Amino acid sequence: MDRERAMKAIGEFLDAIGEDVSREGLEDTPRRVADAFAEFTSGNAQSAEEILSRTFSVDGGDMVVEKDIAFSSVCEHHLMPFFGRVAIAYIPDKKVVGLSKLARCVDVYAKRLQLQERMTADIAAAVMKYLSPKAVMVWCEAEHTCMTCRGVKKAGSKTVTYKVLGNFPAEKLAEAFAFIR
């Protein structure tokens with residue numbers, strides 16, 4: 001990110017909406033907003049492959065479920081936050097990954113300007129590509145401030161998305177959903 005250019009643009013934006021960028025409360029706002037967006041988009045500089053590359057051999061293929069992985073992201077349509085939780089269920093095929101790596105994989109995709117639907121699909125695709133499980137399911141529930149603080153203003157409403165890849169037997173998929181709930 002070009003920090004100086006971002007700070008200048010944020011200052012110009014504040015001026016365009018009628019704010020006095022030189023007033024005490026706003027004088028350092030362009031820097032703070034630039035720093036915040038550097039953090040919000042830090043996933044652009046990360047790779048799921050790097051995070052999911054350290055695996056461990058396993059015998060058998062019992063399902064692994066990690067749930068309630070908290071995340072926050074920024075909606076690319078309004079540049080407003082959305083936040084929630086993700087669950088990842090997969091059926092290993094000879095290898096698993098450390099559990100913290102699944103949470104870090106979520107952050108790779110959440111820390112980008114994002115759509116919830118794409119984030120859910122990208123996490124599932126990364127787990128499938130780099131762990132090569134028999135199947136993976138990613139479930140995401142989020143509250144979008146672009147819907148709760150503006151527009152229709154429906155506070156508390158949540159959006160659920162999920163993506164299933166591979167050969168996930170119906171009974172195992174039902175079991176995964178039961179664990180998530």
Side-chain angles (χ1 to χ4, degrees), residues 1 36-58 60-149 156-181:
M1 178 169 108
F37 271 86
E39 181 180 336
F40 296 159
T41 60
S42 62
N44 290 327
Q46 294 180 312
S47 161
E49 179 179 18
E50 181 181 324
I51 289 169
L52 297 174
S53 65
R54 180 164 159 73
T55 60
F56 305 97
S57 298
V58 293
D62 291 337
M63 182 170 51
V64 175
V65 178
E66 186 168 346
K67 67 179 197 168
D68 295 328
I69 303 168
F71 78 91
S72 61
S73 191
V74 176
C75 167
E76 66 184 31
H77 292 154
H78 301 99
L79 299 182
M80 293 185 71
F82 67 97
F83 54 91
R85 60 193 179 108
V86 168
I88 301 172
Y90 70 101
I91 301 173
D93 187 13
K94 301 180 184 156
K95 61 184 177 178
V96 295
V97 68
L99 297 178
S100 70
K101 304 304 184 201
L102 294 174
R104 290 173 201 257
C105 180
V106 169
D107 280 344
V108 165
Y109 295 103
K111 297 299 181 190
R112 301 175 179 191
L113 297 183
Q114 196 55 275
L115 296 175
Q116 180 178 337
E117 298 87 344
R118 182 174 54 239
M119 182 183 84
T120 303
D122 285 349
I123 295 166
V127 171
M128 188 59 115
K129 182 175 182 179
Y130 301 119
L131 296 184
S132 302
K134 294 175 184 171
V136 63
M137 188 270 290
V138 175
W139 177 92
C140 179
E141 178 180 73
E143 186 168 335
H144 294 252
T145 61
C146 59
M147 193 171 141
T148 62
C149 297
S157 63
K158 295 193 172 115
T159 301
V160 174
T161 54
Y162 70 95
K163 182 72 173 180
V164 179
L165 298 173
N167 184 16
F168 223 121
E171 69 278 358
K172 287 288 187 188
L173 192 57
E175 201 175 304
F177 278 114
F179 283 136
I180 291 165
R181 300 276 177 198

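Numbers here are sequence positions counted from 1. All of these numbers come straight from a predicted model, not from anything done at the bench.
Taking CG of Asn167 as the start and CD1 of Ile91 as the end, the distance is 7.5 Å to the nearest 0.5 Å. In this structure, OH on Tyr109 lies 10.5 Å from CD on Gln46, to the nearest 0.5 angstrom. Note: Arg104 CZ to Ile69 CD1 = 12.0 Å, rounded to the nearest 0.5 Å. Rounded to the nearest 0.5 angstrom, Met128 CE and Met137 CE are separated by 12.5 Å. Considering SG of Cys75 and CZ of Phe82, their distance stands at 7.0 Å, rounded to 0.5 Å. Taken from CG in Asp93 to NZ in Lys95, the straight-line distance is 9.0 Å, to the nearest 0.5 Å.
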Practice task
For the pair Leu79 and Phe40, evaluate side chain to side chain contact (heavy atoms under 4.5 Å, CB included) and give the outcome as yes or no after the intermediate values.
Solution key: CA-CA 10 Å; Leu79 299 182; Phe40 296 159; over 6 Å; no
request  = Apply side chain to side chain contact (heavy atoms under 4.5 Å, CB included) to Leu131 and Thr55, showing your working.
outcome  = CA-CA 8 Å; Leu131 296 184; Thr55 60; 3.6 Å; yes
### Query
Please walk me through it: do Lys111 and Ser42 pass side chain to side chain contact (heavy atoms under 4.5 Å, CB included)?
CA-CA 6 Å; Lys111 297 299 181 190; Ser42 62; 3.7 Å; yes
Side chain to side chain contact (heavy atoms under 4.5 Å, CB included), that's the test. Do His144 and Thr159 meet it? Break it down for me. CA-CA 8 Å; His144 294 252; Thr159 301; 3.9 Å; yes
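Counting heavy atoms from C-beta on, the side chains of Asp122 and Val138 never come closer than 4.5 Å. Considering only heavy atoms from C-beta on, Cys105 comes within 4.5 Å of Leu52 through its side chain. Using a 4.5 Å cut-off on side-chain heavy atoms (C-beta onward), Val97 and Tyr130 make no contact. Side-chain atoms of Val136 and Val164, non-hydrogen and from C-beta on, never get closer than 4.5 Å to each other.
The minimum heavy-atom distance between Met80 and Cys149, with the atom names listed, is CE-CB, 4.1 Å. Minimum heavy-atom separation, Met63 to Phe179: CE-CE1, 3.9 Å. Nearest approach of Cys140 to Met119, heavy atoms of both residues: SG-CE, 3.7 Å. Among all heavy-atom pairs drawn from Cys146 and His78, the shortest one is CB-ND1, 3.4 Å. Of all non-hydrogen atoms in Tyr162 and Trp139, the two that sit nearest each other are CB-CA, 3.9 Å. Annotation for Glu143 and Ser157: closest pair CG-O, 3.5 Å, computed over non-hydrogen atoms.
Checked against the 6.0 Å centroid threshold, Phe168 and Tyr90 do not count as a close aromatic pair.
Judged purely by distance below 3.5 Å, without hydrogens or angles, the side chains of Thr161 and Gln116 pair a donor atom with an acceptor atom.
Glu66 places no side-chain N or O within 3.5 Å of a backbone atom of Ala87 that could act as its donor or acceptor partner.
Other residues, nucleotides and ligands place more than 12 heavy atoms under 6.0 Å from the CD atom of Glu117. Lys67 NZ: more than 12 foreign heavy atoms inside a 6.0 Å radius. More than 12 heavy atoms of other shown residues, nucleotides or ligands fall within 6.0 angstrom of atom CZ in Arg85.
Each of Ile123, Ile180, Leu99, Val64 was checked for a side chain to side chain contact (heavy atoms under 4.5 Å, CB included) with Ile88, and the lone residue meeting it is Ile123.
By the 4.0 Å N-to-carboxylate-O rule, Arg112 lies too far from Glu76 to be salt-bridged with it.
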